[in-house]
Peer 1: 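Can you keep this structure in mind? I'll have questions shortly.
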Amino acid sequence: MKTNLKQLKEKIIETILMLSGAATSITVILIVFFLFIEGAGVFSRKPIDDGYLLAVNATNNVKTLHPSQIKDIFDKKITNWNQLGGEDSPIVLFRTSDITDYYTEEELGPNFEYFPDKINELIQKQPGIIAFFSDKYKSDKFVGKELDIDKIKVWEFLSGEEWFPTAQPIAQMGVKPLIYGTLWVSFGAILLALPIGLAAAIYLSEIAKKRTRSLLKPLIELLAGIPSVVYGFFGLVVIVPLIQSTFNLPVGETALAGSVVLAIMALPTIITISEDAMRNTPRAMKEASLALGASKWQTIYKVVMPYSASGITAGAILGIGRAIGETMAVLMVTGNAAVIPHTLLAPVRTIPATIAAELGEAPNGGLHYEALFALGCILFLITFGINMLVELVTNKQSHKKH
């Protein structure tokens, strides 16, 4: 009876644990599925607000325009249709608010009831016009020609060099500067953190006395529990002014400032994992090396580090993962300029910082909203790749040991 009761309890506990694990796995899968469903929606849309259109005169032989060309037109960098393969005719810009430059309020009607007809008339009279207006003002007898605007393509989304999702009339959806900014800051952080973290791990594992180790290791691990906003304040008050004065820059909010802050944040991960890996080196191997006449430093370099290489590599890659996913600290110190960086001393913007800064302003379900989810998909794929690399390196090294 007691045996049956004990088995029943074990079965219940086993079932609860299984359900807990299954619920967690299903939740993660659903979150990822939702992320990709929302993010993929951006590639089924045109980079123009719903309910708006771009129209030209019916005689204009330009049929399609790239989003960057439309931006240059409305920024007045392109001023003649012959620059776009059309006839030699000056480009005339028209937005809805410009209607009063051509017609009086009396001509538009007391309730603007003649608004569509007047826009139609204006497009017909102006051969070089390009008009941006709501389709509710499109006349039933519309005589202009709507420009064909392509849907956002994956490659153009990834390779585009301008991120301005709220631009009018055409959103600029190039995430290349954000990807570059994320990678620059992250790899800059790991280049700074890895040598320092490795040196600290060697000291704690092989050189420090037991009392010193028992005091330092909890302090280092405590760094991982400090909120990222505190690191951001520290970077803003100390590191940013220091970089500005040291390199004589107009502003100190740069990729280098983000790298330094993230390096400090990644140190606990690198030190803890590397130190644990080094301490797992069999004592017999170290004693054999010393017995053969090797010095303590030679033993560390020739025996301990090669044996713990998988742990050190895993610590470094997980440190990169921490840096890539960081939001608040980076948002505060990198300058948030969505431009392709050519040096660590230039302002940058990362993917997590962009999502954090813009998601609250993006209308739910809109083009900007879906583009930010697409950014989340890119970030997920980067971090997923890093985690797979950790697994690959760890498994490869463990097979070598066996």
Side-chain angles (χ1 to χ4, degrees), residues 42 45-57 59-102 119 122-123 125-135 137-138 144-153 155-181 250-251 335-342 346-349 354 357-358 361-363 366-372 374-375:
V42 74
R45 305 181 65 155
K46 296 180 179 181
I48 187 170
D49 287 341
D50 292 336
Y52 283 83
L53 59 91
L54 279 167
V56 295
N57 186 279
T59 60
N60 195 322
N61 57 6
V62 175
K63 295 180 180 178
T64 61
L65 290 174
H66 193 269
S68 61
Q69 292 175 321
I70 297 172
K71 179 178 180 294
D72 287 342
I73 288 172
F74 279 82
D75 286 345
K76 298 184 178 179
K77 293 179 182 177
I78 295 176
T79 56
N80 197 298
W81 286 108
N82 62 12
Q83 295 174 259
L84 302 166
E87 295 181 0
D88 184 12
S89 173
I91 295 174
V92 179
L93 302 178
F94 174 82
R95 295 180 178 88
T96 308
S97 58
D98 298 331
I99 192 70
T100 52
D101 295 339
Y102 298 93
I119 289 180
L122 182 63
I123 292 173
K125 288 196 304 185
Q126 294 276 0
I129 196 168
I130 178 168
F132 172 64
F133 58 96
S134 171
D135 59 7
Y137 297 131
K138 183 180 177 182
K145 181 175 68 176
E146 284 190 52
L147 285 177
D148 184 20
I149 300 170
D150 291 335
K151 292 178 180 178
I152 298 170
K153 296 181 176 65
W155 173 246
E156 290 177 354
F157 185 76
L158 295 174
S159 62
E161 298 187 359
E162 286 194 66
W163 174 258
F164 194 0
T166 57
Q168 294 289 352
I170 294 291
Q172 304 300 306
M173 294 290 186
V175 301
K176 190 175 178 180
L178 309 181
I179 295 173
Y180 275 34
V251 291
N336 291 312
V339 294
I340 294 177
H342 299 289
V348 296
R349 175 181 279 196
T354 302
E358 298 182 8
E361 303 172 358
L367 179 65
H368 187 191
Y369 180 85
E370 291 182 344
L372 292 176
L375 281 180

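Side chains are part of it too, since the values below use all heavy atoms of this structure and drop only hydrogens, waters and symmetry mates.
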Peer 1: If I take atom CG from residue Leu65 and atom CG from residue Leu147, how far apart are they, to the nearest 0.5 angstrom?
Peer 2: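 With rounding to 0.5 Å, CG (Leu65) is 5.0 Å from CG (Leu147).
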Peer 1: Find the distance between CG (Asp72) and OG1 (Thr79) and round it off to the nearest 0.5 Å.
Peer 2: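 If we round to the nearest 0.5 Å, Asp72:CG and Thr79:OG1 are 11.0 Å apart.
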Peer 1: Give me the one residue out of Ile48, Val42, Leu372 that meets side-chain contact (heavy atoms from CB on, under 4.5 Å) with Leu367.
Peer 2: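 Of the listed options, the one satisfying the test is Val42.
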Peer 1: What are the two closest heavy atoms between Ile123 and Asn57, and how far apart are they?
Peer 2: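 Between these two residues, the closest heavy atoms are O-ND2, 2.8 Å.
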Peer 1: For residues 84-100, which side-chain donor-acceptor pairs fall under 3.5 Å, sequence neighbours excluded?
Peer 2:
{"unit_1": "Asp88", "atom_1": "OD1", "unit_2": "Asn80", "atom_2": "ND2", "d": "3.0"}
{"unit_1": "Asp88", "atom_1": "OD1", "unit_2": "Asn82", "atom_2": "ND2", "d": "3.3"}
{"unit_1": "Asp98", "atom_1": "OD2", "unit_2": "Arg95", "atom_2": "N", "d": "2.9"}

Peer 1: How many angstroms lie between CG in Leu53 and CG in Asp135, if you round to the nearest 0.5 Å?
Peer 2: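 Between atom CG of Leu53 and atom CG of Asp135 there are 6.0 Å.
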Peer 1: For the CD atom of Gln69 and the CD1 atom of Ile78, what is their distance to the nearest 0.5 Å?
Peer 2: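 If we round to the nearest 0.5 Å, Gln69:CD and Ile78:CD1 are 5.5 Å apart.
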Peer 1: What pair of heavy atoms forms the shortest contact from Val62 to Lys145, and how long is it?
Peer 2: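 Here Val62 and Lys145 meet closest at O-NZ, 3.5 Å.
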Peer 1: Specify whether Phe132 and Tyr52 have parallel, tilted or perpendicular ring planes, treating 30° as the upper limit for parallel and 60° as the lower limit for perpendicular.
Peer 2: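 Correct class here is parallel.
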Peer 1: Looking at CG of Asp150 and NZ of Lys46, how far apart are the two atoms once the value is rounded to the nearest 0.5 Å?
Peer 2: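 If we round to the nearest 0.5 Å, Asp150:CG and Lys46:NZ are 8.0 Å apart.
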Peer 1: CD1/Ile70 to OG1/Thr64 distance, rounded to the nearest 0.5 angstrom?
Peer 2: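 Output value for this atom pair is 9.0 Å.
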Peer 1: How far apart are the closest heavy atoms of Trp81 and Gly128, and which atoms are they?
Peer 2: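 In this case the closest contact between Trp81 and Gly128 is NE1-O, 2.9 Å.
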Peer 1: Kindly indicate whether the side chain of Lys125, heavy atoms from C-beta on, has any atom under 4.5 Å from the side chain of Tyr102.
Peer 2: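 SC-SC contact between Lys125 and Tyr102 ruled out.
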Peer 1: How about Phe74 and Ile130: do any of their side-chain heavy atoms sit closer than 4.5 Å?
Peer 2: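 Yes - at least one pair of side-chain heavy atoms lies under 4.5 Å apart.
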Peer 1: Locate the shortest heavy-atom distance separating Pro363 from Tyr369; write the atom from each residue and the value.
Peer 2: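 Pro363 and Tyr369 have their closest heavy atoms at O-CB, 3.1 Å.
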Peer 1: Measuring only between side-chain heavy atoms, which start at C-beta, is Pro47 closer than 4.5 Å to Ile149?
Peer 2: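 Touching, per the 4.5 Å side-chain cut-off.
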Peer 1: Taking distance alone, no hydrogens or angles, what donor-acceptor pairs closer than 3.5 Å link side-chain atoms of residues 164-177 to residues at least two apart or in another chain?
Peer 2:
{"unit_1": "Gln168", "atom_1": "NE2", "unit_2": "Asp49", "atom_2": "OD2", "d": "2.7"}
{"unit_1": "Gln172", "atom_1": "NE2", "unit_2": "Pro67", "atom_2": "O", "d": "3.2"}
{"unit_1": "Gln172", "atom_1": "NE2", "unit_2": "Ile170", "atom_2": "O", "d": "3.2"}

Peer 1: On a heavy-atom basis, which atom in Lys77 and which in Gln83 lie closest, and how many Å separate them?
Peer 2: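 Reported closest heavy-atom pair: O-NE2, 4.1 Å.
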Peer 1: Please name the pair of heavy atoms, one in Pro127 and one in Asn60, separated by the smallest distance, quoted to 0.1 Å.
Peer 2: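 For Pro127 versus Asn60, the nearest heavy atoms are O-ND2, 4.3 Å.
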